[in-house]
Amino acid sequence: MIKRKLQPGPLVAATHNAGKVRELKDLFEPAGLVVRSAIELGLDEPEETEMTFTGNALLKARAAAIATGEPALSDDSGLSVTALGGQPGIYSARWAGEPRDFGRAMEKVQAALNDIGAEDRSAKFVCALAVVWPDGEEVVFEGEVHGTLVWPPRGDRGFGYDPMFVATGKSVTFGEMDPAKKHGMSHRADAFKKLRAALLP
Ligand code: ITT
């Protein structure tokens, strides 16, 4: 178990996804961390060559810690659909094409479910949060949230696949939900709770 703590002060969020930046700031800033994103710092976006959320999270945080000389936080996450064998999974962002269009990505998920006549619409969001210090020490925490996919998508809050995801026991999609409520139950919040217990003073 890692003994080191994340001290109040600068933390680089190694992400180019504006939706994640917003959520990571909401989660980490109350703990006294001053979060600056890879977008604000103009950092390069490394190619995600690993086959797991954890592997890709570490790769992104390592690149940012090396580039800045500051502790770096990254988030690798995605939607895992049961009837699609876990797809889009680590390819969740790539299903949106270039430039990213999550309306299209959601249509692809819906079309893939239609193609196989899937009755099982269960899915989960998965998140790996990695912290890497400039001296090379590193740690990762994983979280998830289970739910069901609805069609058509609903709501314009959140980001990515949020408008088609309803968490178990809820009736609104993450796209319709108040961000503070999403932070109480999301895959990112689940990983953050584990990180907070281990790394925040
Ligand atoms: P970075 O690598 O720069 O962080 P990215 O968008 O490429 O940004 P990922 O490779 O981790 O990030 O892709 C994760 C995708 O999964 C992301 O683009 C979203 O579409 C989706 N996703 C992750 N968390 C989500 C959430 O809370 N709500 C909706 N969609 C989410």
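Both backbone and side-chain heavy atoms feed into the values below; hydrogens, waters and symmetry mates do not. Counting starts at 1 for both ligands and their atoms, in listed order.
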Per-residue contact class, F53 against ligand 1 - non-hydrogen pairs under 4.0 Å: neither
Audit row: L6, W133, side-chain contact (heavy atoms from CB on, under 4.5 Å) steps and yes/no: CA-CA 9 Å; L6 257 182; W133 282 269; 4.2 Å; yes
Sub-4.0 Å atoms of ligand 1 with respect to non-hydrogen atoms of N17: 3 (O), 6 (O), 8 (O), 17 (C), 18 (O)
Option whose closest heavy atom lies nearest to atom 20 (O) of ligand 1, chosen from F125, F174, F102, F165: F102
Under-4.0 Å salt bridge between R188 and D26: no
contact_flag R94 ligand 1 heavy-atom lt 4.0 Å: no
Atoms in ligand 1 with a heavy atom of Y161 nearer than 4.0 Å: 20 (O), 21 (C), 29 (C), 30 (N)
D120 versus S122, side-chain donor and acceptor atoms under 3.5 Å: yes
Flag if over 12 foreign heavy atoms under 6.0 Å of NZ, K108: yes
E98 atom CD, neighbour heavy-atom count above 12 within 6.0 Å: yes
K25 side chain to R36 backbone, donor-acceptor under 3.5 Å: no
E50 and R62 ion-paired at < 4.0 Å: no
Non-hydrogen side-chain atoms of L113 and W151 separated by less than 4.5 Å: no
Per-atom contacts of ligand 1 with R100, taking only distances under 4.0 Å to non-hydrogen atoms: 5 (P), 6 (O), 7 (O)
Closest protein heavy atom (residue, atom, distance) for atom 10 (O) of ligand 1: E48 OE1, 3.1 Å
Residue pair D190, K124: steps toward the salt bridge (Lys or Arg N to Asp or Glu O under 4.0 Å) verdict: CA-CA 12 Å; D190 186 33; K124 63 180 176 180; over 6 Å; no
E23, any N or O under 3.5 Å of ligand 1 N or O: no
Residue and atom name of the nearest protein heavy atom (relative to atom 24 (N) of ligand 1), distance in Å to one decimal: R188 NH2, 2.9 Å
Minimum non-hydrogen distance to atom 14 (C) of ligand 1, winning option of S77, A96, A93, A38: S77
Sub-4.0 Å heavy-atom contact, G78 with ligand 1: yes
Protein heavy atom at shortest distance from atom 9 (P) of ligand 1: K20 NZ, 3.5 Å
NZ/K170: more than 12 non-hydrogen atoms of other groups inside 6.0 Å: no
Ligand 1 atoms in contact with D76 (distance to a heavy atom under 4.0 Å): 9 (P), 10 (O), 11 (O)
Non-hydrogen atom of L79 closer than 4.0 Å to ligand 1: no
Taking atom 3 (O) of ligand 1 as the reference point, the nearest protein heavy atom with its distance: H16 N, 2.7 Å
Within reach of ligand 1, part of F159 (heavy-atom separation under 4.0 Å): both
For atom 28 (N) of ligand 1, closest protein heavy-atom neighbour: D162 OD1, 2.6 Å
Side-chain donor/acceptor of E40 to backbone N/O of S37, under 3.5 Å: yes
Flag if over 12 foreign heavy atoms under 6.0 Å of CG, D115: yes
Ligand 1 atoms in contact with K182 (distance to a heavy atom under 4.0 Å): 26 (C), 27 (O), 28 (N)
Ligand-residue contact atoms, ligand 1 with H187, heavy atoms, under 4.0 Å: 24 (N), 25 (C), 26 (C), 27 (O)
D75: numbered ligand 1 atoms lying under 4.0 Å from its heavy atoms: 4 (O), 11 (O)
Aromatic plane relationship, F174 with F125 - under 30° parallel, 30 to 60° tilted, over 60° perpendicular: parallel
Per-atom contacts of ligand 1 with S92, taking only distances under 4.0 Å to non-hydrogen atoms: 15 (C), 16 (O)
Taking atom 1 (P) of ligand 1 as the reference point, the nearest protein heavy atom with its distance: T15 OG1, 3.5 Å
